[in-house]
Each structure stands twice: as C-alpha cells, then as structure tokens.
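Some notes on the structure that comes next.
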Amino acid sequence: MTPPETPPPETPPPDVAADVAAEPGAERWRSAVFDAVVEGNTVTVTFLAFVAAIVVGGLLIAFTDPNVLPKFGHFFSTPGAAIAAAWSSASGAYTAMFRGAIIDIHTVSAAFHGGSITAVFEPISETLVNATPLILTGLAVMLPFRCGLFNIGGTGQFIGGAVVAGWIGFALQLPPVVHVIAAIAGGLVGGAVCGWLVGFLRARTGANEVIVTIMFNYVAQFLLLYLLGTHAFRRPKRIDPISRVVHGTARMPHLLGSTLRVNFGFILAIGAAFAVSWLIKRSTVGFEFRTIGANPDAARAAGMNVERGYIVVMLVAGALAGLAGAAVVLGTDYSLTPGIYGSYGFDAITVALLGRGTSLGVVLASLLFGALHAGGVQMQAATQTPIDIVIVIQALIVLFIAAPPLVRTIFRLRGQRSGPEKRAALKVVGA
Amino acid sequence: MTTTLAPSLPPAASPRTRRRRRVDKKTLGGLVIGVLGLVDIVGFGLEARSGDARLGLTLAGASVHLSPLKLPPGPTAIVAGVITLVLAALWLRAELGKLARRAVIVGSGMLFMLSFLCWASSGKTMSLVGLLQSSVDRSIPIVLGALAGCLCERAGVVNIAIEGQLLFGAFAGAMVASASHSLYLGLVAAALAGALLGLILALFAIRYAVNQIVVGVVLNVLATGLTGYLYDRVLVKYQNTLNSPAVFSRISIPLLSKIPIVGPVLFDSSIFLYLTYVILVAVQIGLFRTRWGLRVRAVGEHPVAAETVGIRVLGIRYANVMLGGLVAGIGGAYLTIGSVGPFGKNVSSGKGFIALAAVIFGRWTPIGAMFGALLFGFADAVQNILSVLGTSIPSDFLLMIPYVATIVVVAGMVGRVRPPKADGQPYVKS
Amino acid sequence: MKLELRGITKRFGSVVANDHIDLTVEPGQIHALLGENGAGKSTLMNILYGLTRPDEGEILIDESPVAFTRPKDAIAAGIGMVHQHFMLVPVFTVAENVVLGDERTRRLGPLGFGLLDRRRAREDVLRVSQRFGLTVDPDALVENLPVGVQQRVEIIKALLRDATLLILDEPTAVLTPGETEDLFAVMRSLKESGHSIVFITHKLNEVQQMADTITVIRQGKVVGSMPPTASDEELAARMVGRAVRLAPEKAAATLGEIVLSVESLTVSDDLGNTAVRGVSFDIKAGEILGIAGVQGNGQTELCEALVGLRPAVDGRFAVRGRDLTGHATREILHAGVGYVPEDRQAEGLVTEFTVAENLALDRYDQPPYSKGLALNLDVMNAAATDQVKQFDIRTESIGSPASSLSGGNQQKVVVARELSRSVGLLIASQPTRGVDVGSIEFVHRRIVEVRNQGSAVLLVSTELDEIAALADRIAVMYEGEIVAMRSADVSREELGLLMAGGGAGAGASASAAGEPASAAAPA
C-alpha cells in the first residue's frame, strides 16, 4: 500500500511540493512510513509479524529435521505421516522453547509433590537474565538512533564495559557494597570510552559510524583475546583464555534466591530504560538529540552543537552497552571469556527496531527475545534443534515489522488509514 | 513524538553537516609521512637485529629461479627512513600535483613496509612472492564484495548486506558443490544465493522503502542465523555428503605465469582470480563507458532527473542490487570452494564490511575499490606471515590491523570523497 | 501541436491540487499559466508530463486522446519540460545530460551492450545549440555552470528529443534580468519555428510581455482566461482572488546607532571556494538593508557566516559593538540576533516535530523553558499557544507536526520563533519564498514592525519586488562582492543591471580599490 501522496524524497518532483505546499518530499515519505507503521495498527502488525516469523521458523525446523525428511520421501503414499512428522517436529521444538522460557508444567506438578518451588520460576528467571543485556544494549542502539546515529558497536562497547567491570571485580579487594558499585561504575566508564571514541571520530572527521562501529567490534574482540592472555587477567593454572573469577563482593545480588540466576542487573536495566525514556522525552539534552536526529541543519541553525550532540549521545550509548557488559560479568558469568559478548550487540539492533525507538518498546522486545533465547537453550537440549533458529526468527520478525505492507499482504489485511486528526493526536501523545 | 523505524535517519551526508574545523590536511599528511620515516629509522633501523633478511622472490618449483634478495635490516630501514623524511619535506614544502602526491604516499608506504618486513624477518627467509600471492588471494572476496557495493551504491542503494551475501554464497557454494560433485554448479548456486539475498534487499529497500542500512543489517543477522542453523542442523550431520566439497585447483596461464614475481602472483591462481579480473573490468567499463552505466549513475545521483527522461529508476535499482548480490555470492564461494573447502560458521568474518570500506576508499569506483581491497588483503597476509615468523608483536594486535586500517581510512577519507548523491535514499514514485 | 486538457483532477489526500482543469494550447503559441505558489500549476504540468497520474480527466493531442503513464510517453508525444528545479545530473557533462535516456551507442563486438558514442552526443548538442542560439560547452560539467546556462542545457535536452511543445516551469525565477531577456529571445525564436510553449509563472510583467494567451489558476481551479493586454491589477486580483496590497505601508526610517557592522568579511563555500569577498557594510537600528542579487552570489554564505554557521576566513563582524566573529551560533543568537534561514524545511524547521517544539527550537534549554536538565512542557505549550495566536499560524493544534502546515504557515512558525524573543538584529533570508500572498503580506508587515521598533534588519531576497517594498537601503551582491549600495528609490533597471554584474560604477570601483563598500552608501 503506497499512499498516493508519496513523491520521491530529497528532490520532490518539480513542484508537487510547492503546489501542495503542506509537506515537502522528504518529509512526506517519512510520514508515509510513519502512517504505515503507526496507523496501520501497530499492535496488530507486530503480532502478525511475530506469528509469520514463528510460522516460517517452524517450517524451517520441520523441513530440516533429519527425522522428518525421509517421511517426505513417501509423501505421495502416506502424506499423513509426513505432515504429522513435520508438525510434531516444529511443535516439539516450540513446546520445549516455551518450557524453557515461560513455565514448565512438570516443575509445577513436581512442586505440588514436594519438589522445588524455585524450579517453577527458573524459566522466567532465565528469560529475565537473557533480557537484561538485551535491554541495555537495545537502549544503546535506540538512543543514538533518535539522534540520527546508527550504533552497530554494541559488541565493542559491551566488551569495553565487561573488561573494566570484570577487572575491578577480580583484581581489586574492596568492601562488599562498595566493590559492586565500583565495578558497575567501571563498566559504565569502559563502555562510555568506547562509545565516545566513535562519537568523536564521527564528530571530528565525519567518519561513517556504521563502518567505524563494526570495525571497533572486531578490534575489541581481539583486544579481549589479548587481555585474556596477559598476567593481569588470566586465571592461574588455566591454558585456555579465561579470566580470574570475580570476587563475591563484586557480584550482583540475586533477586529470587541463589538458585535462580536473575539478579540486580535486571533492576539496573529497567532503571536505565526509565532514565533513557525521561532523557529522550523530558530533558533538554534529549530534545537536542531528537532535533539533531530529525534535522541536523535545523539543529545547527537553532544554535545547537551537533558535533557535541553526537559525542554525548555515543558516550551515553557506550555507557549503556558497557553496563550490559558489567551486568553479564558481575551478574551471571563471573569471569571473562572470549565469547562473553555473545550476540548481544547485533541482537540489540533487532531489539531497538522492534521496540520502535521507545524505551518501553525496547524492554518489551528484549523480554520477547530474552524468552526466545532462554527457550532456545531448552529447545536445543531437548530436541537438538540448533539455537541459531532463534536468530533467524528474530531477523524475520524485524523484517516483517519493517514492512507492514508485506505483513498485510501475507494476511490479506486492508491497511487502516485514518485522517490527519488521528495522526496529529498520536504525535502529541508521543511527545 | 513516536519514532518509526529507521527512515527517520537524517540525511547526514549533506555537505552542510560536514562542515567542521579541521587541521590543515597538508600539514597533517606531511606529519604522518614524517612519522613513518622516523619509525623506519628508530623503530626498525636502530632496533634491528643482526643477520640479513632474505626476501624470497620465487616459489618452490618455479622454472626460473631468482636468488632471494638479501638485505641488512638496519641499513635498509635507515635508508628507507631517510628517503621517507625527504619525501615528507617535499610534501610540506613543494606544491605537488595530484599524481606526485599519490606517488609520495604510495612510496613512503612501501618503504615503510619494506623496512618493517626486513626488521621482522631479520636472520630468516621470508617469501616475498608468497606474501604477495597470499595478499592477492585474500583480497579476492573483498574485491568481489566491493564490486557488489559499487554496483548497488552507484544505483543509489546502500548494501550493508554484502557480509550476508558472502556468507550465503559460501554456504550454497560448499553445499551444492559437495552434493553435486560439481564445483561449477556450486559456483552458480553461490551466485544465485547471493542474488537471492540481493533480491530481498531490493524488495525491502525499494518496494517497501525501508531504511537501507536497517534492511542490510537485519539481512546480515538473518544470513548468520540461517547458515549457522543449517550448518548445525544439516551440514554437521551429513558432513560427508553435504559439506566436503572439492576446491578449485590452480590454473596457470601459459607463458604469463612464468614471468618472475608477477607471474605466480597474478597468473597462477584459481578461476576466482580470473573471474575477478573479468568482473572488475566489466563493471569499470560498464559503469563509465556504456549506456547502461550512464543510466545507473544517473539513477544513483538524481533519480528524478533519470525518471523525467524515461529511465526506469526502480527497474535499474532492482537489477543492480541483484547483480551486486550475484557478484558478492561468487566472492562468498571463494571462501569455501575457492580456498578451504567446507563451510564453517561465520566464515566471512567481517570481509563484507571491509569490502564496504574498500568501496569508500576507492571513491565508489571499481578500480579504486580494488586497490582498497588489495590493501586489506595485504594487511591480512602480512599479519598471517608475521605470526609464522614469530615477531615480538602479539598476534592479536596483528589481527587487528585490517580493522584499524579501515577505521583510519574511513576517518581520513571523509570530506575528500563524494558518494553518489541519492545513495541510501529510497525513491518513491508519486 | 495542439494540446487540450479536459477536466483534469488530482487529489493528494484531502487536498485537491487540480480541480477539473480545462486548458487548450494552440500550435505556435506561448500560453502563460499564471497563479501564485501552491495554486496547482506544477501539479498540472507534472500530469501532462507523465510524472503524476490524474485522478480524472483526459489529455488530447491534435484531437486524439493520449494517456501518459511515464515521462517517456510524453517525450514520445513531443512534449518537453524544463522543470523549475533542473533535472540535470550535476556530476555529468552537458553532453551526457542531454543524451541521457536517449543515448546513441557504438556496438562493442557482438554484445548488445554498446559503448557510449560521446562524439555523436557532443555534435548533437552543438547542432541544436547553434540553431537556436543556445550557447553552451558540451564538455563542461553541469555543476560548474551558472544556472542560466543550466537552463539552456535543459532546453537543448528537450529540443533534441524533438519536442514541439515545451513546458517552462517558472523559468525566470533563477535568472538575472539580462538572462531573462536572453531566455525570452530563445522563446520567441522557438515560437517562430512552430513550437508551442507553456510558460508557467507568477510574475505579471513577464506574462504581459510574452504570452499570447493567459490562463489564471487559483486553488487548483481555472479562474479565467485573459488576453496579454490585461492590466496588473486585473491579473493580480484574478490570481489572488482579492485586491492585493503589493507593498506594506512604511514610514520613513528613524535611524539609531549602528547595530551590525561588517568589516571586509571573506567566507568560503562548502567546496572551499571563496563565496564572499571582503564585504563591508553597517546596518543601523531602525533600518532594513536589502541585499539584492541573483541566487548564488554569496548571499547564503554571508548570512550563514553572520550567524556563525560558517567560519569567516577573513574579516570580522560585530553586533552592537561586540565582536562576534568566530563565535558559536548559540552565542550569536543569544546576543540578540534573529535568523530566518532561506530554506525553512532544510534549516528553519524540524518538520516532524510539533509546532510547539519548533517554536521552542532555539530556547528549549533556557529558563523558563527548562528547569535544570528537564524541559518545562507547560511553559513551552503556553508560549506556543500564545505565539500561534499572535502570528496567526493556521494549525489544528500546537501538537500538530509542522509538516501538516502549509508553506506560508510553516514560514510563520519560523518568523514567530525568531521574533518572539528580543531581537536587535534580524537576518531574514528569502523570508517569503514559496509562500502564498496572504502569508507574504503578513511576514512583510512583521518585518516592517520589527524595524519600526528599532531593530536592524538584514533582508536577503532574489525578488526585486520584495527588496523594493521593504528595504530602506539596497546593497547589490554579485560574485561575492557588494558591487553597489543604493538608496531605496533606485530604479529597477539599474538594479537589474547591477545584479548582472554590469554598470557597477561607483560600487565596483569602490570595492576594487579596497574601500568598504558602505562608503558608497548614501547617508
């Protein structure tokens, strides 16, 4: 569905713009996309995108299952068996995923028969644990995005934070509360430095932050590898690259008893989400970020320092991603390993996109992806379905979300269009 | 205000946004060259160990044998350093033409590499030809990826998904070649897999006008996830049938491959290198000398103008993005059936992103991008050879070289290069 | 070719851009389409050229109906268009631009892909340019050519495609008076050779001078056809729909002390070329200094330098005696400088922000708009409500996005923002470009008010009418220099000549001698 009033961007066709006067080209396609996303009933589209991704993922699971494929060899003689096998493969994987992410009925019934009650909450705990770094790195992508920068450097900034937080955690001896605060602060600083560097390069040399952040990710990974080989980091008596263990004083406190991994890091993440939300909507700095993001030339003409905005926003974003690193090393892993950064940096991008540029959206998207990851682990263990399917589903969700017309086509929906009143109203609510 | 998906990214590339105070480029350039010269002298010259560095000029089994170049590392580095300092002075004092400036940059860079290599291989033998050959080989996927980038960006579509296309190509190439026992079938499959990803990119970027960087990034995630999933699920299980392809053998071009030094480097390689030559020349000539190229560039610079003279803007964009995917897919195939054989998870390891940097480095021209890619290939090869020679520099830092080089290049090139004007801008017809 | 449009209707959402338009262009005729900005002229022509599809209505060429789905169809039917914003690829040569889309090739072997035949392209350009007196170098890069020459390239492009009907969309907007005369000469010679021309404009004198028939369009409707003998008043009234007061009432200036003094200011453009060369002038309180000149003669860079958006390469400027050279934009604005940028959508507004946010764009971080780091939305909204009322900004609410406003109301938002703080110096660059007559009158009144309250105003405009209506003193910029400083009663002919770089008697020699050009200004 292309709305009729969408001329080319940048150079509007000779003067439709002046003629209609109301909206210039570049703005109109933006607002056209805005219409498509916001007016096309966001919730429906998001939900359907999720459904579509799950279905495609399910097909992928079923038709790569070594147990299913042979049955399709006899599809024409026994189609029922083939379809049943495919169904059970996909549904088995998803059921396992659900058990790992939300709740497992077996643990509930076990709890009634004298089993562990905490076991009932373990899937939820795992979901929250997985969501924690996603929320923080997701915010680290979303915030610069509002300022017009694309931070793909979540991985590098995460490493920066994890290294400093981890080092403070295992190398220093500090009193209990002070130690964990110092380590968290170290994580913030470590990430902030990495973010600042990107912002600085962008502001001073104009280097495209997309490329720079991607390259920094690799640099940070090798730096981590190098550090894990040094005396200051390496765990004694180990040949493999793994750091010393974070002292108990520097670990994040558990929230629901020591057997469940969910910890204070989650509270930090939620707190960060509130802070970022306030920053964007209600602070002068956020106003500046949004202005720069929407129109840097206008920002400059209004007296804003665009370069400083870039540096500050990347500094804050780096700190957020660094906090994610601290949350992982101080909250669950307790030591640095070469793969500690996981796929958080890139997952963060999908989280930020799914979250549509708001803090609440990022939190919800992180919970969803956190659940997918937590469930994915269970799924891999129970059904031997590789956990990478989760990444595929994630990417599919975002692709479908990015193009609501596609989702509508798939589900044969008619786009809802509403008058300008509604659009205006929505914008005010958002502001 | 509720922000939608990425389309609200600002037109950050507008010349206005670039305005900033900068150190005088000339002074800066001169200082950098001067520092290189000093490092030559102090770092490599005075610190050199005794024992000549022997740089091999022929490979084992070559028909014409050249004896290795024996250089004393200390004096060589000092002489190189002095020459570089003279060049730096020349740079700062004299008004140099464009060609002379480039010569100074290339010259001081090569002298630096020479003194560095002598320093590193002091008392040992290092095969210079081997190093160059490995550089060229390593740059093949980067060149092809960069050509994919040129094809797309010249038509106004930013292709961040090169990385994913390489990965898709590598996967499809290995699997099909292994299953069908035909390397050529594998190559075709790889190209088609790349083109398929190109089609998806085109569909989202053109039809749905989704921000091109967003689609590209998400497609990379998709490619990583999908190939990773299929690898674990299928390839590992059926390793013998689906993931043990043969590798394209080297084809020596008669006569040409016998030329000393140049021959083994440029004319004694697998079909991929020759394909790269062909595609490179085709894209360069195609873009700048043909009707097709004129139209492509018009679409990338000023799509509305192209539309007003009857050019199908969207059609050209679709075609070019898919063509780019095709080329990148071939580059991906090199990573498996062109070099190591079986597919491994994330085998592209960022080469697609480096290709993107090579495009910028080469100012959006195929030939320029090729030089950029060669530079990265060379850095990669040096890193590899040094870890074999065992220098005092930790290998992790050597591994960083290509990535740091990219950052330096990208940060240094800005302002001096101009991307196609409509690059990254969706074109929506009224 | 005889062209007929019947009942053409085009809607953009709820806006009706063209409402059942009928129009007939006879062969060999110059047919003027007169209407103010936003009347729907360009939309109509885009429909005719196949760029936009009409919702209703039909097009007939030589009595037979045609349907254009893309420009290629229109080109094939013999229609050529010179757009207001040139459809040229800046990094291509003239020849490349001219042949684009219709290239001749030399076969390269058996392959279908042919190499471009550049020699042929060059010859084609020269042939057409000689025939119609359109001098141009086929090998020049378009981005290096002055706009007048670029326009010639556009015309050659159309003629080479055998256009028999040419649409010229506001062709004089970017030209000097001299270049305009050249263009008119070309138009006459085209007419003689049997071409029809649709001449879109909002300038009354040009219509009277050139047109054979005039069709007036207002708010998307044809409101009448008139002969070229119709008077200014008749045409203007028809175009705007009411009697228009062309200039605001203005008492004689009461000059105060010097507010802005500029001393041999030199500024570079984005490419590093000198755009402003050693310009000097003063503006006193209660005075409007108009800077006349053709677009691209350094006015943009001058304004940007004065608000700190562009560094001064040399020279300095001071506001109320305080040297502000090299200061940040923010400091300059805080020193009491108001700035209305020339392109409201690119620099004046954030179109996706609300009206209220746009009105706070340059003071969001100062009390009472902010408390510490926090925005005070109540104050922001109250102030916005107030300004919307005061400046008659027609918007649904202060929460509507600026993009939903008409061009005139968008401009009022910018003006309201800049004038609702205390401003000792107002720098207004093209303050009424592309807005409707009602808004022009409003903005003009406001500018005069500011001046009457004792502020200094620097008004940059390429519209001589605007300069003549508002300025107390007129400086003419040509190639980065102020070539003349004249009192407000200077004749339009003289201004036109000066803008084209000619006859710059005293002014040119003054600046050539290195004296400040303001010395040439009447006291």
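Given the structure is predicted, the values throughout are model-derived calculations rather than measurements.
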Which residue pairs satisfy the salt bridge (Lys or Arg N to Asp or Glu O under 4.0 Å) criterion with at least one member in residues 214-224 of chain A, sequence neighbours excluded?
none

Under 3.5 Å, is there a donor on one side chain and an acceptor on the other for A/Thr64 and B/Tyr229?
yes

Below 4.5 Å from any heavy atom of chain A, which atoms of B/Tyr231 appear? Answer side chain, backbone, both or neither.
neither

When every non-hydrogen atom of B/Ala411 is compared with those of A/Thr205, the smallest separation belongs to O-CB, 3.4 Å

Step by step, work out the side chain to side chain contact (heavy atoms under 4.5 Å, CB included) result for A/Asn217 and B/Tyr403.
CA-CA 9 Å; A/Asn217 287 344; B/Tyr403 306 102; over 6 Å; no

Toward chain A, the part of B/Val404 with a non-hydrogen atom under 4.5 Å
both

Are any of the side-chain nitrogens in A/Asp65 or B/Arg233 under 4.0 Å away from the carboxylate oxygens of its partner?
yes

Chain A heavy atoms under 4.5 Å from B/Ile354: which part of the residue, side chain, backbone, both or neither?
both

Honestly, the part of B/Thr227 sitting under 4.5 Å from a heavy atom of chain A is neither

Considering all heavy atoms, the nearest B/Val210-A/Ala403 contact:
CG2-CB, 4.3 Å

Does any backbone or side-chain atom of B/Phe204 lie under 4.5 Å from a heavy atom of chain A? Answer side chain, backbone, both or neither.
side chain

Go through it in stages, so that I can follow the logic: the residues are A/Phe346 and B/Thr224, the test is side chain to side chain contact (heavy atoms under 4.5 Å, CB included), and I'd like the CA-CA distance, side-chain angles, deciding distance and then a yes or no.
CA-CA 11 Å; A/Phe346 278 91; B/Thr224 314; over 6 Å; no

